[in-house]
Trainee: 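Here it is: the structure, laid out below.
Reminder, nothing fancy here: chain letters follow the sequence lines and each chain counts from 1. For the numbers below, each heavy atom of this structure counts, side chains included, while hydrogens, waters and symmetry mates do not.
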Amino acid sequence: MLKIEGLTATVDGKPILKGIDLEIPSGEVHAVMGPNGSGKSTLAYVLAGREGYEVTGGSATWDGHDLLSMEPEERAAAGLFLAFQYPVELPGVGNATFLRTALNAIRRARGEPELDAMQFLKLARQRMRELSMPEDMLKRSVNVGFSGGEKKRNEILQLALLRPKLAVLDETDSGLDIDALRIVADGVNAMRGPDFAALVITHYQRLLDYIVPDRVHVLMNGRIVRSGGPELAKELESEGYAAIQARAA
Amino acid sequence: MSVTTETLQTVQSVTEGTYKWGFETDIEMEFAPKGLNDDIIRFISARKGEPEWLLEWRLRAFKAWQAMSEPRWAAVKYPPIDYQDAYYYAAPKQRPKSLDEVDPELLRTYEKLGIPLKEQEWLAGVTTSPDGTERAPVAVDAVFDSVSVATTFKERLEKEGIIFCSISEAVREHPELVRKYLGTVVPPADNFYAALNSAVFTDGSFVYIPKGVRCPMELSTYFRINAKGTGQFERTLIIADAGSYVSYLEGCTAPMRDENQLHAAVVELIAHDDATIKYSTVQNWYPGDAEGKGGIYNFVTKRGACRGARSKISWTQVETGSAITWKYPSCILQGPDSVGEFYSVAITNNFQQADTGTKMIHLGPRTKSTIISKGISAGRAQNTYRGLVRISPRAVGARNFTQCDSLLIGDRCGAHTVPYIENRCMSAKVEHEATTSRIAEDQLFYCRQRGLSEEDAVGLIVNGFCREVLKELPMEFAVEAQKLLQISLEGSVG
Amino acid sequence: MNVVMHQVGAPGFLHRFEGLRDRLPGGRLPWLATLRAQAAEAFRAQGFPTRRVEAWKYTDLAPVAEAGFDEPLTPMDDAMDLPPAQAGARAVFVDGRFRADLSSLDGLPFEVSSVARHLDALEGRLGALARPGEEPMAALNTMLFEDGLLLDLPEGVEGGVLELLSLATASERPSAFHPRHLIRLAKGAKLTLIETATGPEGARYLHNPVFEVEVAEGAWLTHGRLQQEAPRAFQLSTIYATVAAGGTYDNFTLNAGGRLVRNEIHVTLTGPGAACHMNGAQLLAGDQHADTTTALDHAAPSCASRQTYKTVLMGRSRGVFQGKILVRQVAQKTDGYQMNQALLLSPEAEMDSKPQLEIYADDVKCSHGATVGELDAEQVFYLRSRGIPETQARAMLVQAFLHEAVEGVTDEALRRALDAAVEGWWARQEETLAA
């Protein structure tokens, strides 16, 4: 279970998160929606431990581990996965090398045996087929020259390979056409189960047609102003954030 | 066992980032008296049973050297070197007649280094690489301090007419070839260190590939400085006759010592019509300790002449070791349509200093050159790329492309780029690009979010940064080079 | 008439200094006498640099060193022919001496005056930035300067556009003059200074100016330089500039005239957020030699520098670009960019480039690029395939290249002056080619 209590954070000294309370039990998928600048991406980065996002108060724990005191790679090893809104390009680093290094680092941390090149390739190819990804994506440098859709699919491939227990999807739907969106959603849905939790951050309701959340939270101005079932997303779609804000105020 | 497999195991056993090749071998050595004068040169020449012309050649070089002063233009700092306070000849007392007579202690040394000198071990070790492809054997010339102790696969190469032996042997067995080519690319008085080398060089490798022959295996020389208070002055001469091809690898290590030892080598390459020479170096001389004490001064002159039409010389270097590197593997592109290439990774950590680059001298029409240089600086190291591209008026249609990238890790090191571009030919085209940056914070975070430690993430990104160069290395060296990069950077993060 | 044995080269200048030292402006000011004496020592030690000196690797000063120069004997002619003004206000220097009678400086919101007339107030300012010990031409200037432009813009003043016209006169023997210009912009001040240097067709002279430029916090100096010296003249100029936090020094230099020209610029960015733009074009033909040498010192964090230089070479001309970007350890978040491109239009022309990065801070983004070559064959072909004759196609591409060199200039007045100069130059070349 992910448990966030009274979380506040600043970026460049400017308060962005102003007291977030959120609980996501294992087996559930929650969506966080909000307008631009509400602090959605900041929440994702704070959970993953990015430098420059300073936690000024509150706590975040995952299955009892204090997430906020851990290094980014320790959080990854503990099962946290962040699908980036803008996946980073790593020139010269082969996608296969990167994926295998990451997978083995996490397997090592879990006490599982590392995969050799052959075993890895077999697994990777299988996952790629499931995601309808062309195999040459393994040979290219990580995200370099990838289209927007390819980058997002590469994130989902990593999700499928690393099999985290908690996935944070930061606006994974932005810039995707409907086919790519379906592939991404299928990838996430395939992970769903009693040992998997997800926090889906999105600006639009569209993604939630494909990844149906158990709960929806509305984030505005650094605080969660409303929570509800999947129907809340529809309400937002038809009424807009302004109406919610007016009601919450 | 193959070179790579065993070396890899050696490398993988490294946990604390210490230099694993720093052991010293205790064998009986013969030294010439310390110091440098005409008599020492006569002694070296006599010990090697050289002909009179070579002794005269050495003495002329020595005379020229005495009138020269050390170059001071490179961005490196070191205390004055006392050239009289070193041994210029050190050789194992037991001179082997064949491989079977090689001192077992020496064989063990090379085994520790991952260089099997017994051919049957090679044959037994030729199995598969990690990627599943079958690997060809590599012929090795092993140079221990001043002398070559063993050369493998000689007979098999002889069948093709290829000469691969120590240069001392070549002077005895193929004097006409040595005399015809020695000093024609790097003249004895070319520069201070080349003159010193010409006067006192003791051994090194000699390669001759006859017309139309494609050398069936990688040729390799492994250099090791072992004795205390010595310098190493090897001389390598490679001639590729018309239409031939050879790939040559060079590796080096030295024991860990508090003193600085001098390595002043000269390498000359000659490529005739349609010939190709690919010369790869993984330089891992002892870099000194974390406080900058000790380490090798690597002052090396390497130059290739593309004499023939459509000839090609390609230099690839991975420079991870040495306290100071002063080295500019160059190409003189004389033949029409000849091609010069320089691919370099230079990585410096702690107090290491590297001033390295290349010269591409375009003389012939439609000559082409490519320069890819990747410099990585960490700790308190200083890393300089220095290069010259010169296009003469006759080099009609010549082309050069240069890409120099520098990466800084930490804020106490320096990265410098000093290119010289001289174009005197209207139809030539020269392009140069250089960048300096550090590892982007978002790249590091992305890798760490996927579970990599900071150090592994840096290693991965640095390897990616160097990929264009590493892919030029033969398989045998590429994996080793990648690991070396990572080891060189240990302690640079966090 | 007395016959004088003329000494040439450095000894000639040192000899003249010994003879003149008490009569030079400010000769009775002890601080200035010391400054000149030290500069003379520095010049004696260095002389005219040879190509063995790294900073002068590609420029041979032998033609300057071998010529004998006299003091300029400026005719006091009120009716001098002045080129048309670039802007309303103009300060005129003839042979390095300020001529109030020829200048038009009315209505400026700040004072323009002559260095020679205010020397008693310039202790500590004159010589604050120049480095005679490092740059021999600055040593020569310090030793022998007589006058220069003295400019102080008070805080927040919008100075508009001022033209600095440097005129040489013809004389029997070659003359040499060494103006020292002092320019200071206080906080938030703004000025466009357009400098034109020229001389009559047959004149032989050495124009050796030194600029000391101080740009305070948030101030902005646009410094345009149109070097259109006489075809047989030498110009060796050295600029020293410091830029404080948030200030900008924006230099554009057009090298179009002269026989042998060097344009050396040293800029130090001393406060966070300071910026420097150095751009220029070198238009060379015949036996011309032009050298642009820049040294940019990033000595404070978060500064940006941009440099773009273009050179077009015809005839037997020779172009040189040397550009160094130094980033000190404190200068984190530096953003430095430099590009130099040269177009060789003649088989006898030569271009030498030496861009250089020296970097001691890690959180930086620095890059440089250099290209040398002829017109792109594919572009020429493309134009021809659209029906444009080859000569015209080539002319279009050369003009496009030159246009790119000046298109970054945002200052209206400077842009107009540059466009006119570039077009005039190209028209002259086309005439020569047609003849």
Trainee: Does the side chain of C/K57 come within less than 4.5 Å of B/E422's, by heavy atoms?
Mentor: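 A side-chain contact exists here, since the closest heavy-atom pair is under 4.5 Å.
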
Trainee: Within a reach of under 6.0 Å around NZ of B/K359, are more than 12 heavy atoms found that belong to other residues, nucleotides or ligands?
Mentor: no

Trainee: How long is the gap from CD1 on C/I359 to OG1 on B/T417, to the nearest 0.5 Å?
Mentor: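 Between C/I359 CD1 and B/T417 OG1, I get 6.5 Å after rounding to 0.5 Å.
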
Trainee: Quick check for you: among B/T435, B/V430, B/T384, which has the greatest number of heavy-atom pairs under 4.5 Å with chain C?
Mentor: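 Among the listed options, the one with the most contacts to chain C is B/V430.
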
Trainee: Got a second to check how far C/I325's CD1 is from B/T436's OG1, nearest 0.5 Å?
Mentor: 9.0 Å

Trainee: With a 4.5 angstrom heavy-atom cut-off, is it the side chain or the backbone of C/Y58 that approaches chain B, or both, or neither?
Mentor: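 Just the side chain, heavy atoms under 4.5 Å.
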
Trainee: Give me the atom names and distance for the closest heavy-atom approach of C/P355 to B/P419.
Mentor: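 Reported closest heavy-atom pair: O-CD, 2.7 Å.
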
Trainee: Any idea which of C/M351, C/H368, C/Q356 has the most non-hydrogen atom pairs under 4.5 angstrom with chain B?
Mentor: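 Option with the top pair count is C/H368.
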
Trainee: Given a strict heavy-atom distance threshold of 4.5 Å, which part of B/A428 is in contact with chain C: side chain, backbone, both, or neither?
Mentor: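 Contact with chain C: backbone only.
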
Trainee: Quick check on B/P393 against chain C: is it the side chain, the backbone, both or neither that has a heavy atom closer than 4.5 Å?
Mentor: neither

Trainee: By a 4.5 Å heavy-atom criterion (distance strictly below it), what part of B/R390 contacts chain C: side chain, backbone, both, or neither?
Mentor: neither

Trainee: Minimum heavy-atom separation for B/G410 and C/D362, please, with both atom names.
Mentor: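 For B/G410 versus C/D362, the nearest heavy atoms are O-CB, 3.1 Å.
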
Trainee: Give, as side chain, backbone, both or neither, the part of C/S353 having an atom under 4.5 angstrom from any heavy atom of chain B.
Mentor: both

Trainee: Does any heavy atom of chain B fall under 4.5 Å from the side chain of C/Q338, the backbone, both, or neither of them?
Mentor: neither

Trainee: As an exercise: rank B/A415, B/S406, B/S377, B/G414 by heavy-atom pairs under 4.5 Å with chain C and give me the winner.
Mentor: B/A415

Trainee: Taking all non-hydrogen atoms of both residues into account, name the closest pair between B/I421 and C/A370 and its distance.
Mentor: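 Heavy-atom minimum between the residues: CD1-CB, 3.7 Å.
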
Trainee: Chain B: which of C/V364, C/T371, C/D363 shares the most heavy-atom pairs with it under 4.5 Å?
Mentor: C/D363

Trainee: Is C/E54 in contact with chain B via its backbone, its side chain, both, or neither, using a 4.5 Å heavy-atom distance?
Mentor: side chain

Trainee: Between C/A361 and B/L408, which heavy-atom pair has the shortest distance, and what is it?
Mentor: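 What the structure gives for the nearest pair is O-CD1, 3.3 Å.
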
Trainee: Any idea which of B/C413, B/A434, B/S437 has the most non-hydrogen atom pairs under 4.5 angstrom with chain C?
Mentor: B/A434

Trainee: Could you tell me which portion of C/L343 (side chain, backbone, both or neither) has an atom closer than 4.5 angstrom to a non-hydrogen atom of chain B?
Mentor: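 No part of C/L343 comes within 4.5 Å of chain B.
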
Trainee: Can you tell me how far apart CD (C/E350) and CE (B/M426) are? Round to the nearest 0.5 Å.
Mentor: 15.0 Å

Trainee: So do the side chains of C/Y360 and B/H416 get within less than 4.5 Å of each other, counting heavy atoms only?
Mentor: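 Heavy-atom side-chain distance check passes, below 4.5 Å.
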
Trainee: So, does C/Q329 use its side chain to make a donor-acceptor pair with the main chain of B/R412 at under 3.5 Å?
Mentor: no

Trainee: Could you check whether atom CZ of C/R131 has more than 12 heavy atoms from other residues, nucleotides or ligands sitting under 6.0 Å from it?
Mentor: yes

Trainee: For B/Q382, is it the side chain, the backbone, both, or neither that has a heavy atom closer than 4.5 Å to a heavy atom of chain C?
Mentor: side chain

